[in-house]
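These notes concern the structure reproduced below.
A, B, ... follow the sequence lines: proteins, then strands. Residue 1 opens every chain.
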Amino acid sequence: MIIRLGYVAMAIDLKKCSPSKTITYKTYKKIKDEEVKLYKLKKVAKQNIINTKRILLYNVAHNIQVYRISSKLIPLVTHDDVLDWDYVNEFKDIYRDIKRIIKENNLRVSAHPDHYTIISSPKEDVVKSSLQILDYHKNIMETFGLDCDHGKLVLHMGGKYGDKNKTLNRFKEIFSKLNPDIKKRIILENDDKIYGVSDLINICEDLSIPLVLDVHHHWCNNNGDNIEDYLQRIFDSWSKEKLKPKIHISSPKSETKKRAHAEEIEFDFFNDFIKKAKIIDKDFDIMIEAKNKNLALFNLMNEIKKHKEYKIINESTFEI
DNA sequence: TCGTGTCAAGATCTT
DNA sequence: AAGATCTTGACACGA
């Protein structure tokens, strides 16, 4: 069983390389001149995209193939009353480089629209803005040269709104009406409070949506279910599209802050899951969601090295 | 330049 | 009905 590790958004040891810089909405609104507004937006966006390219090159240098881009590449793009500009055609040359890096190195690049993107909300305006956010992410995936099979968008189900089943049905209805270019990209992740694996697996099977298992979320919110009873179905939810499954992992921050993400990945927590996945014995990828980002990935690999049953393949990949 | 408070978002819990 | 809380990296601003 071969497993690759990846990380989210930032490479901590790359200095001055944030892909998530922004201007606050409040500050933006204070600017009077339209040209100045546009200049600011473009300047920040360009830097974020260039930094994303730098991070991708860093990943290639460190043999990391699994990566999630920042959800804030283009500042304020999802605000309704912020100037509309052509962020797709503006930086064609940088996108071309990024496309090439991804393709030549066969990188698995995904995106996770922030948790305010909720298409199952009963509020029409929340759904409307969520669709705009999804459209933006689809555009970015396209500029990065990632088609529907490769550039996936991770979403959560959303709130409870008093009735889980009604919410699930609303999701189904809106999902069925989505633009196919967006619909085919959506994958669903279990959350840490409301929708657990057992809530999502049926709808994922019904609608052919891959289920992204978040091991930490399942630990927080599991309805008494053991993950080993669901793993086969979870992995199978990716098979229809012939995709390698991907899961998320993080460690609880502390006894009192169980849901928050810790700086690092605790080996025992990780190892415990790997042992359960070994029963299925299918290759998959793991997205590390730790505060220390790529450094947590390296530190985890260092821990893994100490254990005989793991065979190290490169800086981010091992076999068990 | 440093540290501290503020910012964005939606849902839900608390007052 | 209004406010606090959750979450996150980074802005904004005063010292």
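The CD1-P distance, from A:I69 to C:dG9, rounds to 16 Å in whole Å. Atom-to-atom, OH of A:Y25 to P of C:dG9 comes out at 24 Å; the value is rounded to the nearest Å. Atom-to-atom, CD of A:Q132 to P of B:dG10 comes out at 11 Å; the value is rounded to the nearest Å. Rounded to a whole Å, the NE2 atom of A:H115 is 16 Å from the P atom of C:dT5. The NZ atom of A:K160 sits 21 Å away from the P atom of B:dG10 (whole-angstrom rounding). Rounded to a whole Å, the NZ atom of A:K15 is 16 Å from the C1' atom of C:dA10. Spacing between atom CD1 of A:I12 and atom C1' of C:dA10 amounts to 14 Å, rounded to whole angstrom units. In this entry the distance linking CG of A:D114 with C1' of C:dT7 reads 10 Å, nearest Å.
In this structure, of B:dA11, C:dC11, C:dT7, it is B:dA11 that holds the atom nearest to the side chain of A:I118. For A:K123, the listed nucleotide lying nearest its side chain is B:dA11; candidates were B:dA9, B:dC7, B:dA11. Side-chain proximity of A:I23 to the nucleotides C:dC6, C:dA12, B:dA11 is greatest for C:dA12. Of the candidate nucleotides C:dG9, B:dG10, C:dT7, B:dG10 has the atom nearest to the side chain of A:V126. The side chain of A:T24 sits closest to C:dC11 out of C:dC11, C:dT7, B:dT12. Of the candidate nucleotides C:dG9, C:dT7, B:dT6, C:dT7 has the atom nearest to the side chain of A:A260.
At least one side-chain nitrogen or oxygen of A:K293 sits closer than 4.0 Å to the OP1 or OP2 atom of C:dG9. Using a 4.0 Å cut-off, no side-chain N or O of A:S20 falls inside it from OP1 or OP2 of C:dG9. At the phosphate of C:dA12, OP1 or OP2 sits under 4.0 Å from a side-chain N or O atom of A:T27. Distances shown here put a side-chain N or O of A:Y161 below 4.0 Å from the OP1 or OP2 atom of B:dA11. Distances shown here put a side-chain N or O of A:K291 below 4.0 Å from the OP1 or OP2 atom of C:dG9. Taking 4.0 angstrom as the limit, A:H156 places none of its side-chain polar atoms (N or O) nearer than this to OP1 or OP2 of B:dA11. The side chain of A:K193 places no N or O atom within less than 4.0 Å of a non-bridging phosphate oxygen (OP1 or OP2) of C:dT7. For the pair A:T22 and C:dC11, the criterion of a side-chain N or O lying under 4.0 Å from OP1 or OP2 is not met. In this structure, A:K26 does not reach the B:dT6 phosphate: none of its side-chain N or O atoms is under 4.0 Å from OP1 or OP2. Dashed line: the shortest gap from a side-chain N or O of A:S18 to OP1 or OP2 of C:dG9 is not under 4.0 Å. Phosphate proximity of C:dG9 to A:S70: absent, as no side-chain N or O sits under 4.0 Å from OP1 or OP2.
Under the 30°/60° scheme for interplanar angles, the aromatic rings of A:Y28 and A:Y25 are found to lie parallel. Taking the six-membered ring where the residue is Trp, A:F284 and A:F273 present perpendicular rings, their angle passing 60° and hence far from 30°. Below 30°, between 30° and 60°, or above 60°: for A:H156 and A:H112 the angle between ring planes is between 30° and 60°, a tilted geometry.
No more than 12 heavy-atom neighbours from other residues, nucleotides or ligands sit within 6.0 angstrom of NZ on A:K46.
A distance below 6.0 Å separates the ring centres of A:F267 and A:H307.
Donor-acceptor pairing under 3.5 Å is recorded for the side chains of A:N202 and A:R233.
Mapped onto DNA chain C by nearest heavy atom, A:P19 and A:K257 fall at different nucleotides, with A:K257 at the one closer to the 5' end.
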